[in-house]
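First the proteins, then the strands, lettered A, B, ... as listed; each starts at 1.
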Protein chains: 2
Amino acid sequence: MSAVTGRRERERAQRHQLIVTAARELAETEGWDAVTTRRLAERVEYSQPVLYSHFAGKDAIVSAVALDGFGELAEQLGRARAAVAAPGPVALRAVCRAYLRFAAERPALYQAMFVMPTDLAFATDETPAPMRACFDEFVGCFPAGDEQREPLAEVVWSAVHGMAVLADSGRIPPDGQEGRLDLLIGRFTG
Amino acid sequence: MSAVTGRRERERAQRHQLIVTAARELAETEGWDAVTTRRLAERVEYSQPVLYSHFAGKDAIVSAVALDGFGELAEQLGRARAAVAAPGPVALRAVCRAYLRFAAERPALYQAMFVMPTDLAFATDETPAPMRACFDEFVGCFPAGDEQREPLAEVVWSAVHGMAVLADSGRIPPDGQEGRLDLLIGRFTG
DNA sequence: GCACCCATCCTAGCAGTGCTAGACATTCTG
DNA sequence: CAGAATGTCTAGCACTGCTAGGATGGGTGC
């Protein structure tokens with residue numbers, strides 16, 4: 001009994017991840033509009049209702065993909081910041097550049113994380129660790145003594161997020177990103 | 001004949017605007033998800049197909065609503081900037097505050113303008129005047145001689161846009177906006 | 001004044017969406 | 001090996017954006 005349920009839970013978890021990665025791949029190659037429950041079910045070679053035995057609905061699948069993305073983004077930002085020793089302009093630029101590259105290279109994943117409606121809690125006690133980790137990489141770019149470092153991180157994050165989404169939707173020319181980033185960093189670490 | 005077509009075109013233009021304002025009202029009161037072609041048609045007391053005799057599709061209706069919004073936003077920003085005489089920190093703060101208030105008070109309209117997919121051209125020769133006017137209000141907050149004023153406007157706009165959308169979707173606490181704006185303005189006009 | 005004609009509008013329907021109820025197997029248990 | 005429980009699928013609901021075809025009415029020429 002226990003052995004059986006153990007195996008079943010293992011298979012279940014495996015299929016859970018299968019759905020998430022399938023949704024993510026589909027979104028990254030064809031955009032979120034192409035991610036329908038039917039196509040997703042076909043992709044994982046199960047029928048539609050199976051999706052609903054794992055997730056409350058399509059939104060929950062998107063959230064799961066987003067959570068995956070936060071893990072990756074945290075890793076990328078962490079690597080960028082670790083490459084420079086101390087807080088300061090260089091660290092901030094490195095983190096922002098990594099952030100913008102992530103947004104540009106994985107637009108669908110970025111959408112799921114930061115623009116699509118989500119039930120994931122931001123900035124509360126129940127905020128999943130990878131999400132806090134992402135934000136903390138921005139915070140860590142400012143000196144530990146600075147009382148304003150959290151609000152500063154919020155503003156810088158807002159700015160790069162704005163740049164990312166406006167460029168992605170064609171509302172500002174995408175090739176000016178580097179220059180805009182220079183301007184931003186200059187003002188925030190002068 | 002000419003008189004008849006004249007009246008008909010007038011009626012057509014009237015109904016065109018009727019559809020746009022109905023879509024906008026519906027979106028502002030119940031959100032864009034509630035704006036379906038059926039509900040919109042019922043609202044204007046016509047059948048669905050007449051919508052398609054005025055607009056290529058639902059996206060075109062959203063774009064028309066957005067264009068309406070750009071006119072209003074330009075007016076709000078213009079008023080805010082005109083209240084202070086010269087370019088500088090005070091003007092920039094006034095424009096940004098007006099922008100953030102607009103986004104907070106008309107979230108659905110703001111979505112149509114700045115986050116929903118659109119076929120409206122940004123920053124090209126065919127960019128509609130109201131859209132350019134909005135951007136120019138940001139540009140006008142920097143001294144006329146500054147060669148960097150356009151990129152600076154882009155960055156500031158990106159920042160306030162980021163703040164607006166992240167707050168709207170609950171990704172940053174909405175009550176910190178004023179403080180974040182102070183931080184931003186301080187850095188960009190010090 | 002009358003018949004024609006053309007523009008306008010609506011009914012009905014298509015293919016697709018997210019989601020679910022109930023029948024069908026398949027697997028484990030006693 | 002029978003019975004129970006678990007899992008899965010088929011079929012369907014109410015909805016979406018969008019469109020083809022027929023009816024209806026007003027404007028035009030005789």
Side-chain angles (χ1 to χ4, degrees), chain A residues 1-20 22-24 26-27 29-66 108 111-112 116-119, chain B residues 1-20 22-24 26-27 29-66 108 111-112 116-119:
Chain A
M1 153 98 179
S2 167
V4 169
T5 43
R7 188 204 63 202
R8 284 199 170 152
E9 280 185 7
R10 219 161 41 235
E11 288 174 349
R12 238 189 111 70
Q14 206 167 321
R15 200 170 53 177
H16 180 104
Q17 193 56 36
L18 177 68
I19 295 171
V20 173
R24 173 180 166 167
L26 201 48
T29 56
E30 303 187 45
W32 279 108
D33 283 351
V35 182
T36 71
T37 56
R38 272 169 248 270
R39 291 198 61 183
L40 185 53
E42 189 186 20
R43 190 99 157 199
V44 298
E45 297 183 306
Y46 281 96
S47 68
Q48 276 181 285
V50 174
L51 303 180
Y52 294 88
S53 73
H54 283 269
F55 300 94
K58 195 190 170 183
D59 288 358
I61 299 179
V62 176
S63 293
V65 172
Q111 292 266 330
M116 297 175 84
T118 180
D119 46 3
Chain B
M1 154 105 182
S2 166
V4 170
T5 43
R7 189 204 62 199
R8 284 201 171 148
E9 280 184 8
R10 220 162 39 234
E11 287 173 351
R12 238 190 112 69
Q14 206 167 322
R15 199 169 56 177
H16 180 103
Q17 194 55 38
L18 178 67
I19 294 170
V20 173
R24 173 181 166 167
L26 200 48
T29 55
E30 303 187 44
W32 280 108
D33 283 351
V35 182
T36 72
T37 56
R38 270 169 250 268
R39 289 198 62 183
L40 185 52
E42 190 186 17
R43 192 102 157 197
V44 297
E45 297 183 305
Y46 281 97
S47 69
Q48 277 182 282
V50 310
L51 302 180
Y52 293 90
S53 74
H54 284 269
F55 301 94
K58 194 188 169 184
D59 288 358
I61 299 179
V62 176
S63 293
V65 173
Q111 292 265 328
M116 296 176 86
T118 180
D119 46 3

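Taken to the nearest 0.5 Å, the CZ atom of R24(A) stands 13.0 Å off from the CG atom of L26(A).
Rounded to 10 degrees, the angle between the two end axes of the helix from dG1(C)-dC30(D) to dG30(C)-dC1(D) is 20°, with five pairs used at each end.
Residues satisfying the side chain to side chain donor-acceptor pair (under 3.5 Å) test with E30(A), not counting sequence neighbours, are R39(A). When the side chain to side chain donor-acceptor pair (under 3.5 Å) test is applied to S63(A), the partners found at least two apart in sequence or on another chain are T118(A), D119(A). For R15(B), the side chain to side chain donor-acceptor pair (under 3.5 Å) partners at least two apart in sequence or on another chain are H54(B). Partners of R12(B) by side chain to side chain donor-acceptor pair (under 3.5 Å), not counting sequence neighbours: none found.
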Per-nt protein contacts along nucleotides 6-18 of chain D (heavy atom under 4.0 Å; B base, S backbone sugar-phosphate only, - none) come out as SSSBB-B---BBB
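Between V20(B) and F55(B) the shortest side-chain heavy-atom distance falls below 4.5 Å.
Considering every non-hydrogen atom in both A23(A) and L40(A), the closest pair reads N-CD1, 3.5 Å.
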